[in-house]
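Naming convention: chains lettered A, B, ... in sequence-line order (proteins, then strands); numbering from 1 in each chain.
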Amino acid sequence: MLLVRGTHDLIHKSAQVHRYITEYARTWAHKYGFTDVSTPILEYEGIFSRSLGETSDIIRKEMFVLEQKGDDPHKESIILRPEGTAPIMRALFMNGLHQTLPQKFFYEGPMFRYDRPQKGRQRQFHQFGIELLGIKSSWAEIDVISLSFDILKGLGISNLTLEINTLGDKESREAYKSALVDYFQDVKECLSLESQERLLKNPLRILDSKSAQDRKLIEDAPVYRNYLNTFSENYFETLLKNLNHLDIPFKINPHLVRGLDYYSHTVFEITTPDLGTQSTLLAGGRYDSLSTLMGNSTDIPAVGWAAGIERLALLLEDKLSLPNPRQFALIPLSEEQDREAFSWTQKLRQEGLIVHFVSDGKIAQKFKAAAKLGAQYGLVLGDEESKTKTFTLKNFETGDQQQISQNALSTTLKSL
RNA sequence: GCGGGCGUAGCUCAGGUGGUUAGAGCGCCAGAUUGUGGCUCUGGAGGCCGUGGGUUCAAGACCCAUCGCUCGCCCCA
């Protein structure tokens, strides 16, 4: 038996933790007024290649392409979605929602990237994220960043850093790009091979390089802040001032560039030192030009972020105490009691109790199974109980037993 | 895609320089206990030693390849 590389089963505790994280995030998103949206896992490749940029690693080497069966009317490849933002933008247009802005969406689900697996990095992983569409001011950023902290802190994650930077608008970016190219062109031979390639395709990404030789050169490279036009500069300043005013701590990281093409102005990440090399828990920013990249005639203001559920789970799995509701096991002692016991089981389930029905094996095996299934209490129904219209209620933790009348069954159980 | 470490029972791991039928603890199953799980005792099942090839009289161990996990690089959530 083989497990597809980079995938995992979620069983018992890991499934519960995963679900708990998602539900917790959803609850907060609802308080902020975001509503659920769910888009297909399958999309045409163009949705992503147009929006993420042909030079991004996700497009160049990490896509899961499906084998075409022949009945699809389009020749374009179908892929497993690698991220959530582009599909939501697609859905916005296809459902005509861009005419009724603003829109606020929360999503959650599996994403797929053909990457080399590592701790905190799977080929099938799960994200939840939010998209706030149609708000121009930087209060949109404030709103979504606040939401992200409410979720992460509420989950009990500490040791968080908000790193933030601005990519400016198109005009600023073009000005900065040409300054960067001028600077690096002169020292091209000293750059790593990867960065030499970036110089041609996506010079901003050189700033993100971790190679030691690049880092030295990057230190002396032109600083973006000096190339921002007035609008971009003011936009960023206002955002930072408001973050300060709200006591949201942040760290400006001028090297935070992001791999995806659709960002403009604000980019941010929330990182933790507790996960080794996969330190980003949540990342996002503003992507006003995504809508035009996807074919719309005008920009639609948009901010959002996505968080990696597996990474949060790694931080939480050991310390999260999940709710542990009462569970009962109905134990008929012989086959004569099976039917009666099962209808009692159903009755109690309808009353809202969690009830296991245990009928396999010998009596000792039934008790063993009941305890293993997680029941804290056993309800024994044998000949004597049947005659006297009672159950024997056994507390598995203390071993105590008592007789309770069938009439008072559900009220007794609920009062435990 | 690149570099390092590691693959032995369901789990955690022992198995010096190659030497008969591969071990422990936990877990699992059964019995002691025919109306009672956990504790105890007794017994039992469970391994192509990741996979394929090579060296050797002889390989879990050595060599090569491959797959997987893992740490780092890269990238990102």
Side-chain angles (χ1 to χ4, degrees), chain A residues 1-8 11 21 25 52 55-62 81-85 108-129 148 152 192-195 197-198 202 205 208-212 214 256-260 267-272 275-284 304-315 329 331-334 336-337 358 361-386 392-401:
Chain A
M1 285 180 286
L2 295 170
L3 182 70
V4 172
R5 189 169 195 212
T7 66
H8 279 108
I11 298 175
I21 291 170
L52 305 183
T55 61
S56 68
D57 278 14
I58 291 179
I59 297 304
R60 280 169 53 206
K61 42 188 188 190
E62 295 178 6
R81 65 180 180 195
E83 61 105 44
T85 296
E108 160 273 307
M111 306 293 165
F112 304 84
R113 292 181 197 173
Y114 193 91
D115 204 347
R116 177 137 173 196
Q118 225 179 100
K119 185 181 179 185
R121 188 170 80 184
Q122 283 93 265
R123 287 183 173 183
Q124 175 177 338
F125 62 106
H126 296 79
Q127 291 186 329
F128 62 82
S148 69
L152 297 178
S192 66
L193 286 176
E194 277 151 327
S195 288
E197 195 186 328
R198 290 182 183 131
N202 195 348
R205 293 281 311 286
D208 214 15
S209 168
K210 271 138 198 152
S211 118
D214 291 353
L256 186 62
V257 181
R258 324 263 43 215
L260 312 181
V267 290
F268 60 88
E269 279 184 13
I270 295 179
T271 61
T272 175
L275 277 185
T277 183
Q278 315 297 334
S279 60
T280 304
L281 293 177
L282 177 151
W305 49 251
I309 297 175
E310 281 81 358
R311 290 183 187 178
L312 300 177
L314 282 172
L315 293 171
I331 305 171
L333 290 187
S334 69
E336 275 107 77
Q337 282 91 35
V358 178
K362 287 188 264 187
I363 288 166
Q365 291 169 323
K366 291 177 188 177
F367 277 82
K368 199 170 187 180
K372 252 191 221 170
L373 284 166
Q376 293 92 342
Y377 293 92
L379 282 163
V380 182
L381 182 64
D383 287 338
E384 288 168 31
E385 287 85 353
S386 206
T392 300
L393 175 67
K394 172 160 188 167
N395 181 329
F396 283 127
E397 276 143 38
T398 62
D400 296 343
Q401 291 195 170

Considering only the [atom1] atoms, how many Å lie between [N] and [M], rounded to the nearest integer?
N: B:rA58; M: B:rG53; atom1: P; answer: 16 Å
N: B:rA65; M: B:rC6; atom1: P; answer: 16 Å
N: B:rG50; M: B:rG60; atom1: C1'; answer: 12 Å
N: B:rG16; M: B:rU12; atom1: C1'; answer: 22 Å

Considering only side-chain heavy atoms of [X], which listed nucleotide, [options], is closest?
X: A:Ala306; options: B:rG31, B:rA77, B:rC69; answer: B:rA77
X: A:Arg5; options: B:rC76, B:rG35, B:rC69; answer: B:rC69
X: A:Val380; options: B:rG35, B:rA77, B:rU70; answer: B:rG35
X: A:Glu385; options: B:rC71, B:rA77, B:rG35; answer: B:rG35
X: A:Asp383; options: B:rC73, B:rC76, B:rG35; answer: B:rG35

Donor-acceptor pair under 3.5 Å, A:Arg116 side chain vs B:rC73 base: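 Absent.
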Find the distance between CD (A:Gln124) and CE (A:Met111) and round it off to the nearest 0.5 Å. 10.5 Å
B:rG38 pyrimidine/purine six-ring stacking with A:Phe396, under 5.5 Å and 30°: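 Stack criterion not met.
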Could you pick out which residue, A:Ile309 or A:Lys372, lies toward the 5' side of RNA chain B when each is mapped onto its nearest nucleotide? A:Lys372
Between A:Thr398 and A:Glu310, which is nearer to the 5' end of RNA chain B once each is assigned its nearest nucleotide?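 Here A:Thr398 is the residue nearer the 5' end.
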Looking at A:Phe396, I want to see if its CZ is surrounded by more than 12 non-hydrogen atoms of other residues, nucleotides or ligands under 6.0 Å.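 Above 12, so yes.
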